Amino acid sequence: MTVPDAMAAARDALARHDWEGAFALVEAVGADHPAAEAERLEVLAEAAWWLGRLDACIDARQGAYRVFDELGDQRRAGQCAVWLYENHCQRAQPAIASGWLQRARRALESDAACLEHGSLLLREAELAHGGGRLDDAGELAARALALGRELRSPDLEAEALQTIGRVLIDDGRVESGLAHLDEAMLLAVEGRLGPYSTGKVYCSLISACEELGDLRRAAEWTDATAQWAQQHPLAVFPGICRIHRAVVLDRSGALADAEREATRACVELLGSHLPNAATAFAEVGDIRRRLGDLDRAEEAFARAEELSGSTCVGVALVRLAQGRVEVAERIITGCVSEQSPNRLARARLLPAAAQIAVAAGDLVGADASVRELESTAETFDTPMLHAMAALARGRVQLARQDMPAASATLRDALRRWQELEVPYEVATTRTVLAQALRDSGDEEGARASFAAARALFDQIGARLDARDIDRVDDDAALPGGLTPREAEVLRLIATGLSNKELAAALHLSVKTVSRHLSNIFTKIGVSSRAAATAFAFEHQLVGRSD
């Protein structure tokens, strides 16, 4: 086959999404002049990208860039540089990516009337968005949108619409943001977009739905995405789409199916997109944590940390489940402090931060996390954020022994989670509500709520949570609304240990022990260690093991 024939056949294969065929055709030929060689390398790079062969893709694109640059074709050299920026981001190599973006700027900034310049504008918008510069991001994406419409490029138009949509959502203008994403989706479902733009718009919309808690909408588009992804085997987008599908399955209570999907995503993304591979491993870890498989959850979280360089919030929840509260507190504090100013991203961490702070006896810190979460819920006004905030607020009210407020807030949280049809959160909320009912003296209501939670955890396979309910429900209610940890501290107080000795015995800091003592004194209505010791003996806590 001649080189022109091979190139024509390869381009036809790309149009049919026959990535393997296209790759084989152009890999086997060698062009006889620079321009043809650059075009051959472009086709090779595109086919390699869709096959998940990122190293081969980068090598081919770098070769194409050099040839176009030598030929003085700055538009095509600039486009290669834009793609290489994105490819190195996928490789988690930000410094190299930054260098390629600078080359793209040099090649394209003075040529503002071409599609390649629009491609550069979108990457600049994404950078500004990621850095929290929402006004700059919106202005850059708007310029790309105008250029896409002027040049009648559906791909550029759709990608610009989805960028604007995500910026608007993060700016709190949810309805307008979703409207822009819907308009981008119209171009996709009409079949007017190339496969890359189609995948990007689909995945962006689903990500927005997940962040906002629009689970029904996410499930609908996830099904559409899965059907599209089946036509693009071994590509990066099916792996990313599989993560989204795992999230939807997880939220619907199909934990075993969710784990399988997320595990497949890990395999598919390892060779093509390391940041998303890290996300996939983190999702696997969180699903395994819910399943009660803490050892294998830690393995997945460790892999995610290796790929991303940051600790997953799920590790803090594993440490909490293991009773290592102080370690959990240190991890979640680091996660929150390192999080970007993006309020939706922070909102995903705040329920865990509040829960861990309550377990550590830091009710001031817990309240601060809840207030931030409530503010975010008020700004974005989505059902899931309101449900998250209500459950977190109920935990704090329970810890403060404000039983009427805790019961009312937790019933509201339960109603909200039930409307969202997310069984794990429904069962979790029932468990916390049961504790509030028990502390209020409503033993019958508590046992009914515990039983309903236990049945739901069993149904979805959340073994650890079910075992925790059995442990709590089998014990007699602790006096004064004490938590098991507080009862343990009180028993040790009654033996005469100092705060320093208590801290050593429980592997806690002296500061944490002091917080526990303050909470205990408040709950049982005493002001001295002697009175607390008397309370412990009076209620037969000494010598008792919970």
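Every value quoted in this text rests on a predicted model; they were computed, and no experiment measured them.
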Indicate yes or no: does [X] engage [Y] in a salt bridge with an N to O separation below 4.0 Å.
X      : Y      : result
Arg400 : Asp402 : no
Arg330 : Glu326 : no
Arg288 : Glu298 : no
Arg447 : Glu443 : yes
Glu425 : Arg416 : no

Hey, is the main chain of [Y] close enough, under 3.5 Å, to the side chain of [X] for a donor-acceptor pair?
X      : Y      : result
Glu421 : Gln418 : no
Ser449 : Arg430 : yes
Thr382 : Gly213 : no
His539 : Phe535 : yes
Ser518 : Ser514 : no

Original post:
Of Leu391, Leu373, Asp381, which is the lone residue that meets side-chain contact (heavy atoms from CB on, under 4.5 Å) with His386?
Top reply: Asp381

**OP:** Let me know which of Thr311, Val284, Val315 forms a side-chain contact (heavy atoms from CB on, under 4.5 Å) with Phe301.
**Re:** Val315

Original post:
Should the heavy atoms of other residues, nucleotides or ligands under 6.0 Å from CD of Glu501 be counted, would the total exceed 12?
Top reply: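 Atom CD in Glu501 is crowded, with more than 12 foreign heavy atoms closer than 6.0 Å.
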
[X] [atom1] to [Y] [atom2] distance, which is reported to the nearest 0.5 Å:
X      : Y      : atom1 : atom2 : result
Phe380 : Glu175 : CZ    : CD    : 14.5 Å
Leu54  : His88  : CG    : NE2   : 8.0 Å
Ser176 : Ile164 : OG    : CD1   : 9.0 Å
Leu502 : Leu490 : CG    : CG    : 10.0 Å
Leu433 : Phe450 : CG    : CZ    : 9.5 Å
Leu255 : Arg289 : CG    : CZ    : 10.5 Å

Original post:
How about Leu320 and Ile332: do any of their side-chain heavy atoms sit closer than 4.5 Å?
Top reply: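 Leu320 does not reach Ile332 side chain to side chain.
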
**OP:** Decide whether Asn342 and Arg348 meet the rule of one side-chain donor and one side-chain acceptor closer than 3.5 Å.
**Re:**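 Not at all, the side chains of Asn342 and Arg348 share no donor-acceptor pair under 3.5 Å.
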
Original post:
Within 45° of the axis and under 6.0 Å from the centre of the six-membered ring of Tyr424, does NZ or CZ of Arg290 qualify?
Top reply: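 That pair qualifies as a cation-pi contact.
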
Original post:
Can you check salt bridge (Lys or Arg N to Asp or Glu O under 4.0 Å) on Glu329 and Arg319, steps first, answer last?
Top reply: CA-CA 9 Å; Glu329 189 177 23; Arg319 296 291 174 262; over 6 Å; no

Subject >> Glu419 vs Arg415, salt bridge (Lys or Arg N to Asp or Glu O under 4.0 Å): CA-CA, chis, key distance, verdict >> reply: CA-CA 6 Å; Glu419 289 175 354; Arg415 175 186 60 79; 3.2 Å; yes

**OP:** Please list, chain by chain and in numerical order, all residues satisfying side chain to side chain contact (heavy atoms under 4.5 Å, CB included) with Ser528, sequence neighbours excluded.
**Re:** Ala530, Ala531

Subject >> Residues in side chain to side chain contact (heavy atoms under 4.5 Å, CB included) contact with Ala368, at least two apart in sequence or another chain >> reply: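 Residues passing side chain to side chain contact (heavy atoms under 4.5 Å, CB included) with Ala368: Arg371.
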
Sequence neighbours excluded and cut-off under 3.5 Å, please list the side-chain donor-acceptor pairs for residues 128-135, or say none.
residue : atom : partner : partner atom : Å
His129  : NE2  : Asp170  : OD2          : 2.6
Arg133  : NH1  : Asp136  : OD2          : 3.0

